[in-house]
> 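I have a structure I would like to understand better, so I am pasting it below and will then ask my questions one at a time.
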Amino acid sequence: MFKSIKIVPVPKVLKLEDGYFILPEKVTISFKDFVKDLNMLRVIKAFGKYKPSFKVQNGLSCVNFIKTDILDSAYEIKVEKDRIDVFASTASGMFYAIQTLKQITFDNKVQCCYISDYPDLKIRGVMLDISRSKVPKVETLKQIFDMLAFLKFNHVELYVEGFSYEYKSFPNVLKDENYLTFDEYKLLEAYAFENFLDFVPNQNGFGHMGDWLQLDEYKDLAECIDGFTIWGAWRKTTTLNPLDDRSVEHVKKMYSDMIPYTKSKYFNMNFDEPYELGHGKSKEQTAASSVEEVYIDYLHKLSSVVKGYGKTPLIWGDVVIKHPEAIKKIDEDIILIDWGYTKTYPFEPHAKMLHEQGRKFMLAGGTSTWGVITCRYQDMYESIKNSCENAFKYGGLGTLTTDWGDIGHLQYLPNSYLGFIHASLFNWNQSITEEEHNDVFEYALEKFVGASIKESLLKLSRYTELEGEYRDYGSRLFYHILWAEHAQNNESPLDFFLTKMKSNYLSVDSQNKISDLLNEVYEKLFKLESLEARELLNSISLLKTLLEINKKLQASCTDFRSEISALEDFEAKHLALWNNRNKEAGFKFSINRIKWLKQILVQIEMKGDKNE
């Protein structure tokens with residue numbers, strides 16, 4: 001009946017046979033040798049999403065789930081002309097079989113076939129940033145969880161820094177309603193559980209504490225109260241003083257509002273990027289020992305708290321990954337996550353070193369959608385591919401594909417689908433060819449968004465490759481937004497911005513190529529009315545405006561009225577699009593990035609008028 005079948009992710013064995021099984025109007029299902037427990041109820045509920053009209057019975061049925069001695073999460077499917085037999089040893093194996101059945105059923109017909117399948121990696125996770133202005137609505141997160149379940153992920157985290165979670169112990173910080181309530185968080189945990197996703201609690205408690213440290217009540221906990229300079233710009237303080245017992249007590253109180261109410265055996269402490277560590281209050285102590293020693297001492301004070309709740313701590317590895325001897329001093333039950341988001345990040349030597357030390361570890365690539373409006377395809381693809389391959393090669397527990405929201409989370413959700421799908425394929429089956437991988441990737445992407453959106457997403461994800469030399473963060477066009485933000489902290493905002501932008505001018509050739517690309521995609525989308533089409537059209541509008549600003553800056557033009565108007569149009573459309581998927585309260589924080597750029601352009605115009 002079918003010449004071929006595509007399944008996402010690609011199974012280990014797929015053998016097509018003659019004939020097909022026709023599912024009746026009301027399907028009967030049975031379970032042989034499985035215990036009737038909560039896990040079976042989860043499987044039954046999942047089957048109901050596949051075929052809503054069904055009945056559980058004893059004995060031979062249309063679909064028979066048969067317990068057999070195979071790997072955890074593995075499954076086999078045998079489709080005969082008169083029935084479907086599913087073999088598994090665990091509920092997760094049955095669940096993944098159902099996800100596969102969804103994909104091989106067409107108009108109630110299932111081609112006769114044999115499938116044998118199991119995942120290469122134990123943990124296949126995604127981390128969603130809900131803390132950089134954009135807090136998704138519950139329905140949006142449920143939709144994402146559905147996608148992740150379909151793609152056979154089994155681990156999901158919502159990244160929390162600042163006030164994106166309802167801290168019951170800190171009602172004074174919950175003023176803007178831009179957070180998940182406790183009840184919403186528990187509802188999402190339950191929904192993830194239904195979808196066989198381990199809902200892993202996540203909170204930062206060292207670096208990335210800037211929102212807390214801007215409040216008078218907590219500013220004395222900062223390592224550098226007056227802020228710090230990094231990457232060519234002054235920034236507000238973000239890191240707790242690890243030597244202050246009040247820092248520990250504050251984070252313990254934060255933990256008490258989340259950890260006791262979660263079911264996962266893991267907790268992600270994060271502990272990444274404590275930029276100021278050793279440059280402020282801990283300078284003397286780190287000089288006497290080392291940055292790593294002070295870091296590990298503070299880590300153990302709080303990891304012991306996490307373990308006291310019965311959780312296994314996860315931490316990012318950036319502070320210690322280049323110091324193998326320091327890693328040996330970290331408690332063995334703490335899982336290190338080595339992260340890297342560039343196409344050349346050295347996952348292999350890091351994974352090899354962690355393996356040789358006998359450490360439990362994970363690797364993390366990223367969707368590379370942040371700081372770019374769309375996606376940096378090369379970095380997304382290679383970081384995910386390399387993280388999955390080396391986690392598998394060196395015995396890692398698995399991977400965590402991150403989806404960050406730096407600088408206002410201005411990118412739209414569909415851009416992240418590219419990374420999710422690639423990660424699903426690489427996590428599950430390392431043995432398929434590159435050609436097969438790419439073929440199934442495009443098939444899956446089209447399944448989620450349609451042909452026109454698929455092609456548009458892929459084209460837009462490559463625009464950074466037309467800008468000139470490779471950069472490992474952001475894009476020349478996005479840097480108009482980034483440097484306009486950092487200019488707000490400078491004594492001479494305009495001079496600062498103009499100086500920074502000189503290294504981001506595009507050549508005429510790059511300008512023309514990017515313009516042609518944006519116009520081509522616009523022509524494909526402008527008649528479409530779907531939410532995804534409107535999101536991409538607004539992205540194109542912003543990129544076109546940034547391109548025009550880049551041209552005018554190079555030409556020392558001072559008339560930016562049309563660009564200011566275009567940014568205002570983007571802002572109005574962005575609000576409507578934002579509210580489709582996210583809580584409205586965060587919009588005002590996100591859109592500040594566009595407002596700050598408009599302010600810079602107004603200053604340029606004012607300076608031009610003064611010089612005339």
Side-chain angles (χ1 to χ4, degrees), residues 1-17 20 75 77 79 96-107 109-121 124 126 146-153 343 365-369 374-392 399 401 414-463 465 517 520-521 524 532 536:
M1 177 184 174
F2 306 110
K3 292 183 179 180
S4 65
I5 293 176
K6 292 178 181 176
I7 299 171
V8 188
V10 180
K12 297 294 193 297
V13 176
L14 169 60
K15 296 178 181 179
L16 301 181
E17 299 172 0
Y20 52 85
Y75 67 91
I77 298 175
V79 182
Y96 297 138
I98 293 170
Q99 305 314 307
T100 296
L101 285 173
K102 289 179 182 178
Q103 299 182 60
I104 64 174
T105 302
F106 305 91
D107 296 325
K109 291 183 178 181
V110 188
Q111 183 175 342
C112 291
C113 64
Y114 171 75
I115 298 172
S116 178
D117 202 14
Y118 59 90
D120 282 344
L121 293 175
R124 305 173 302 283
V126 166
D146 286 338
M147 172 185 279
L148 298 182
F150 180 86
L151 293 170
K152 300 186 175 82
F153 285 94
K343 62 182 182 180
T367 60
S368 293
T369 56
T374 57
C375 173
R376 299 188 313 279
Y377 191 92
Q378 285 181 312
D379 288 321
M380 175 273 295
Y381 179 83
E382 293 295 339
S383 71
I384 290 173
K385 176 176 182 286
N386 292 335
S387 64
C388 294
E389 287 182 350
N390 286 291
F392 180 63
T399 67
T401 299
N415 294 289
S416 301
Y417 297 168
L418 281 65
F420 296 163
I421 296 169
H422 275 307
S424 165
L425 296 174
F426 282 123
N427 274 323
W428 191 270
N429 191 346
Q430 297 279 324
S431 64
I432 63 174
T433 65
E434 182 178 359
E435 181 180 3
E436 187 175 9
H437 175 106
N438 291 333
D439 182 44
V440 175
F441 164 77
E442 292 206 19
Y443 164 79
L445 184 58
E446 184 169 330
K447 186 178 182 68
F448 286 122
V449 299
S452 295
I453 301 298
K454 177 197 77 172
E455 292 181 20
S456 300
L457 281 169
L458 290 173
K459 287 182 181 294
L460 290 173
S461 73
R462 298 278 192 175
Y463 90 82
E465 297 168 32
L517 171 66
E520 176 190 349
V521 179
K524 184 180 289 290
E532 292 84 0
L536 294 189

> Could you pull out all residues at least two apart from D379 that satisfy salt bridge (charged side-chain N to carboxylate O under 4.0 Å, His left out)?
R376

> Is a donor on one side and an acceptor on the other found under 3.5 Å between the side chain of R124 and the backbone of W428?
no

> Just how far is it from atom CD1 of I7 to atom CG of L14, taken to the nearest 0.5 Å?
5.0 Å

> Do you know which two heavy atoms are closest between Q430 and F426, and how far apart they sit?
NE2-O, 2.6 Å

> Starting at SG of C113, measure out to CD1 of I77 and round the result to the nearest 0.5 Å.
7.0 Å

> Would D439 and K6 satisfy side-chain contact (heavy atoms from CB on, under 4.5 Å), going step by step from the backbone distance to the final call?
CA-CA 9 Å; D439 182 44; K6 292 178 181 176; 3.1 Å; yes

> Mind listing the closest non-hydrogen atom pair of C388 and N427 along with its distance?
SG-OD1, 3.4 Å

> State plainly whether the residues E455 and K459 are in salt-bridge range, i.e. N to O under 4.0 Å.
no

> So, taking the atom named CD1 in I453 and the one named CG in L460, what distance separates them when rounded to the nearest 0.5 Å?
9.5 Å

> Kindly give the heavy-atom pair with the smallest separation between F441 and L418, and that separation in Å.
CE1-O, 3.5 Å

> Apply side chain to side chain contact (heavy atoms under 4.5 Å, CB included) to E435 and list each qualifying residue two or more places apart in sequence or on a separate chain.
T433

> Would you mind reporting whether V8 and K447 have side-chain heavy atoms less than 4.5 Å apart?
no

> Could I get the full list of salt bridge (charged side-chain N to carboxylate O under 4.0 Å, His left out) partners for K343, not counting sequence neighbours?
none

> Ignoring hydrogens, what is the shortest heavy-atom contact between A149 and Q99? Give both atom names and the distance.
O-CG, 3.7 Å

> Will you find, in the side chains of Y463 and T374, an N or O donor that is under 3.5 Å from an N or O acceptor?
no

> So, S461 side chain and C375 main chain: donor-acceptor pair closer than 3.5 Å or not?
no

> Any non-hydrogen side-chain atom of T369 less than 4.5 Å from a side-chain atom of S416?
yes

> State the OG-CD distance between S452 and E532, to the nearest 0.5 angstrom.
12.0 Å

> Measuring only between side-chain heavy atoms, which start at C-beta, is I104 closer than 4.5 Å to I115?
yes

> Suppose we screen for salt bridge (charged side-chain N to carboxylate O under 4.0 Å, His left out). Which residues come up paired with K12, at least two apart in sequence or across chains?
D120

> Can Y417 and L151 be said to form a side-chain contact (heavy atoms from CB on, under 4.5 Å), step by step?
CA-CA 11 Å; Y417 297 168; L151 293 170; over 6 Å; no

> Quick check for you: to the nearest 0.5 Å, what is the distance between E436 atom CD and L425 atom CG?
9.5 Å

> T401: what forms a side-chain hydrogen bond (donor to acceptor under 3.5 Å, both in side chains) with it, not counting sequence neighbours?
none

> Kindly write out the residues that satisfy side chain to side chain contact (heavy atoms under 4.5 Å, CB included) with E465, not counting sequence neighbours, or none if the list is empty.
Y377, Q378, R462

> Compare all side-chain heavy atoms of H437 with those of H422 and state whether any distance is below 4.5 angstrom.
yes

> Does the pair I421 and F448 meet the rule for a side-chain contact (heavy atoms from CB on, under 4.5 Å), with working shown?
CA-CA 10 Å; I421 296 169; F448 286 122; 3.8 Å; yes

> Once rounded to the nearest 0.5 Å, what's the spacing between atom CD of Q103 and atom CZ of F106?
8.5 Å

> State whether the side chain of S387 and the backbone N or O of I384 hold a donor-acceptor pair below 3.5 Å, judged by distance alone.
yes

> Provide the closest heavy-atom pair for S383 versus G366 in the form atom of the first, atom of the second, distance.
OG-N, 3.2 Å

> Does the side-chain contact (heavy atoms from CB on, under 4.5 Å) test come out yes or no for V521 and L536, once each step is laid out?
CA-CA 9 Å; V521 179; L536 294 189; 5.8 Å; no

> Specify the closest pair of heavy atoms between S424 and F153, including all atoms of both residues, with the distance to one decimal.
N-CZ, 3.6 Å

